[in-house]
Engineer: 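Okay, handing you the structure first.
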Amino acid sequence: MHKETELKLRASRETLAALREHPLLKKRNKSGWQTRELLNQYFDTPERDLSAARVALRLRRDGDVIIQTLKCRGQSVAGLSERNEFEWQLDKVKLDLKKLDATCWPEQLADLDKKTIKPLFTTDFTREYAEIAWGRGKSKVVIEAALDQGFVIAGKRKEEICELELELREGAPEALLELAAELAASLPLMPCDISKAERGYRLLDPDSYELGLPHTELDAEMAVDDAYAALAWQLLGSSQRLAEQYRHNGHWRLLQEWVLCLSELRALTSSLGQAAPRPTTRALRTRLDALLEDWRPLVQAGNDDEDIRRAAPEQFAEELEDIRWGQFSLETSRWLLARSWTLDRKGRGERQGKAQLASWLGHLLGEEGRALKLPLYTQRPEDLAEQLPRLEQLLAWLHHARQVLEAPQMDRLYGDLKKLHELAEQPLSDELLEARIEQARAVDQSRGWKYLIKA
């Protein structure tokens with residue numbers, strides 16, 4: 001067994017051609033580009049038991065070599081994935097079920113009848129690969145760069161494979177992101193943690209691709225730094241998966257949720273105060289603002305305009321053909337991995353970052369709630385839109401962390417504030433102004449709100 005650490009980046013054929021001649025890869029290429037044909041058959045039960053257990057089982061023909069591979073449950077965030085991998089060389093192209101014993105087989109599949117495992121789909125592609133090596137400080141880094149082109153085929157359905165895969169052979173995982181970010185500065189590369197196996201399952205069942213990452217479990221006593229890091233990783237990773245699926249099928253709801261992920265990441269980052277000094281978050285906020293400036297108005301307009309919704313997939317494809325989305329994704333991953341918001345902060349910022357989440361959050365929500373001055377907007381509802389950034393900060397934390405607060409009716413308060421936020425975004429009309437007044441009063445008089453602003 002060995003642990004596989006890799007980064008997948010979706011690319012175009014033109015980008016793959018440019019990567020072969022990229023000066024950075026040429027400078028660090030220690031082996032030259034080599035080519036091989038990889039023919040892969042994936043297996044599962046008719047009920048997809050292996051997929052449900054996050055297990056991938058395949059046979060690969062690599063020239064005259066036949067390899068049986070079992071990839072087990074791992075973790076994947078924002079395109080950077082780690083998982084355990086078991087391999088066996090075989091004499092013939094046929095699964096050897098005896099290899100799948102207790103030393104590698106997941107416990108949750110212990111009762112599975114392995115004789116029900118059958119071939120499901122293939123991923124056949126040409127791989128051009130090279131060993132990329134360099135010194136990183138006093139440490140040596142070796143990465144295999146692979147340019148993959150081919151198809152995933154499931155019955156009569158197929159999807160093109162066109163991606164750069166960077167696999168860590170030696171060194172720190174940060175090196176994968178550093179190399180990818182340098183390449184993405186001039187080429188459109190989209191970090192994408194959908195595996196070739198997941199694409200096969202998606203061809204068999206379009207709803208099989210999970211859009212969200214596992215829910216982040218927050219604890220009342222965890223540090224604010226840890227809570228922010230966990231939520232930021234989840235939002236970044238979810239935005240990647242939503243972008244991939246919207247690119248694939250163009251369902252409007254996915255674009256709405258993609259914008260929401262970016263909005264929440266922006267709101268959470270802005271709410272940290274001295275725990276994240278503004279110079280440390282400036283680059284992230286600037287990138288988020290640029291994306292939201294283009295896409296949030298489009299989504300708001302498209303909610304009521306079918307023509308905009310129909311045109312949006314083509315516009316999104318153009319976004320992915322540009323370098324902006326890849327740069328944002330990779331640089332944000334590097335920023336989070338290094339916890340860069342903690343750098344150069346002063347004593348009070350250190351104390352805030354290490355404070356217990358529940359205590360800090362109660363103070364933040366109370367302070368922001370009092371600053372919102374809701375009674376004012378029962379008199380001047382036309383000005384409520386000025387408070388959208390503050391409302392978004394309140395909503396982002398209530399969405400993800402309200403369970404850590406010992407406060408009444410937090411679920412109801414979240415729903416009421418969400419409705420107020422929706423009203424604040426809509427174009428003005430007499431009917432809307434009345435609705436804003438009514439909703440502002442509803443929030444201001446709720447038990448949960450009164451508890452927060454008096455805390």
Engineer: Could you tell me if the side chain of E198 sits less than 4.5 Å from the side chain of R241, heavy atoms only?
Structural biologist: yes
Engineer: When you measure from the side chain of S12 to the backbone N and O of T15, does any donor-acceptor pair fall under 3.5 Å?
Structural biologist: yes
Engineer: Output the distance between atom CD1 (I143) and atom CD1 (I132), rounded to the nearest 0.5 Å.
Structural biologist: 8.0 Å
Engineer: Quick one: do E163 and R199 make a salt bridge, cutoff under 4.0 Å?
Structural biologist: yes
Engineer: Counting C-beta onward and ignoring hydrogens, is there a side-chain heavy-atom pair between L262 and F328 closer than 4.5 Å?
Structural biologist: yes
Engineer: Between the main-chain N or O of L24 and the side-chain N or O of H22, is there a donor-acceptor pair closer than 3.5 Å?
Structural biologist: yes
Engineer: Could I get the full list of salt bridge (charged side-chain N to carboxylate O under 4.0 Å, His left out) partners for D305, not counting sequence neighbours?
Structural biologist: none
Engineer: Strictly distance-based, threshold 3.5 Å: is any side-chain N or O of D44 a donor or acceptor partner for the main-chain N or O of K118?
Structural biologist: no
Engineer: Measure across T116 and P46 and return the closest heavy-atom pair with its distance rounded to 0.1 Å.
Structural biologist: O-CD, 3.4 Å
Engineer: Return the minimal non-hydrogen interatomic distance between L336 and A232, and the atom names on each side.
Structural biologist: CD2-CB, 3.5 Å
Engineer: Under 3.5 Å, is there a donor-acceptor pair between the side chain of S51 and the main chain of R48?
Structural biologist: no
Engineer: Between E319 and L291, does the side-chain contact (heavy atoms from CB on, under 4.5 Å) criterion hold? Intermediate values first, please.
Structural biologist: CA-CA 10 Å; E319 174 73 59; L291 286 161; 4.0 Å; yes
Engineer: Any side-chain heavy-atom pair from L179 and L7 closer than 4.5 angstrom?
Structural biologist: no
Engineer: Find out whether L218 and L231 are in side-chain contact, i.e. whether some heavy atom of one side chain is under 4.5 Å from a heavy atom of the other.
Structural biologist: yes
Engineer: Any ion pair linking R202 and E244 (charged N to carboxylate O, less than 4.0 Å)?
Structural biologist: yes
Engineer: Run the side chain to side chain donor-acceptor pair (under 3.5 Å) test on S446 and Q409 for me, step by step, so that the C-alpha distance in whole Å, both residues' side-chain angles and the decisive distance to 0.1 Å come before the verdict.
Structural biologist: CA-CA 8 Å; S446 69; Q409 298 184 351; over 6 Å; no
Engineer: Between R309 and G302, what is the shortest heavy-atom contact and its length?
Structural biologist: NH1-O, 2.7 Å
Engineer: Among F121, Y42, F43, find the one that has a ring pair (Phe, Tyr, Trp, His ring centres under 6.0 Å) with Y201.
Structural biologist: F121
Engineer: Do L183 and L9 have side chains that approach each other closer than 4.5 Å (heavy atoms only, starting at C-beta)?
Structural biologist: no
Engineer: Show the nearest heavy-atom pair for residues P375 and D444, with the distance to one decimal.
Structural biologist: CG-OD2, 3.6 Å
Engineer: For S270, does its backbone N or O pair with a side-chain atom of R285 as donor and acceptor, under 3.5 Å?
Structural biologist: no
Engineer: Answer yes if the ring centres of W295 and W325 are under 6.0 angstrom apart, and no otherwise.
Structural biologist: no
Engineer: Report the C-alpha distance between Q256 and N303 in whole Å, list the side-chain angles of each, state the deciding distance to 0.1 Å, and finish with yes or no for side chain to side chain donor-acceptor pair (under 3.5 Å).
Structural biologist: CA-CA 9 Å; Q256 292 174 311; N303 290 334; 2.7 Å; yes
Engineer: Return the minimal non-hydrogen interatomic distance between R136 and A175, and the atom names on each side.
Structural biologist: CD-CB, 4.2 Å
Engineer: Would you call D226 and R339 a salt bridge, taking side-chain N to carboxylate O under 4.0 Å as the test?
Structural biologist: yes
Engineer: Should R348 and R351 count as side-chain neighbours, where that means a heavy-atom distance under 4.5 Å?
Structural biologist: yes
Engineer: Might you point out which heavy atoms bring R345 and A275 nearest each other, and give the distance in Å?
Structural biologist: NH1-O, 2.7 Å
Engineer: Are F151 and T122 side-chain neighbours, meaning at least one heavy-atom pair lies under 4.5 Å?
Structural biologist: no
Engineer: Measure the shortest side-chain to side-chain distance between L357 and D219 over non-hydrogen atoms and say whether it is less than 4.5 angstrom.
Structural biologist: no
Engineer: Without swapping roles, check the side chain of Q403 against the backbone of H400 for a donor-acceptor pair under 3.5 Å.
Structural biologist: yes
Engineer: Can you tell which of E6, E165, E160 makes a salt bridge (Lys or Arg N to Asp or Glu O under 4.0 Å) with K196?
Structural biologist: E165
Engineer: Counting only N and O atoms by type, is there a donor-acceptor contact under 3.5 Å from the side chain of S359 to the main-chain atoms of Q356?
Structural biologist: no
Engineer: Please step through side chain to side chain donor-acceptor pair (under 3.5 Å) for the pair R13 and Q149, ending with a clear verdict.
Structural biologist: CA-CA 8 Å; R13 290 177 178 270; Q149 291 189 71; 2.7 Å; yes
Engineer: Under 4.0 Å between a Lys/Arg side-chain N and an Asp/Glu carboxylate O for R157 and E159?
Structural biologist: no
Engineer: A quick test of your reading: do over 12 heavy atoms of other residues, nucleotides or ligands sit less than 6.0 Å from CZ of R412?
Structural biologist: no
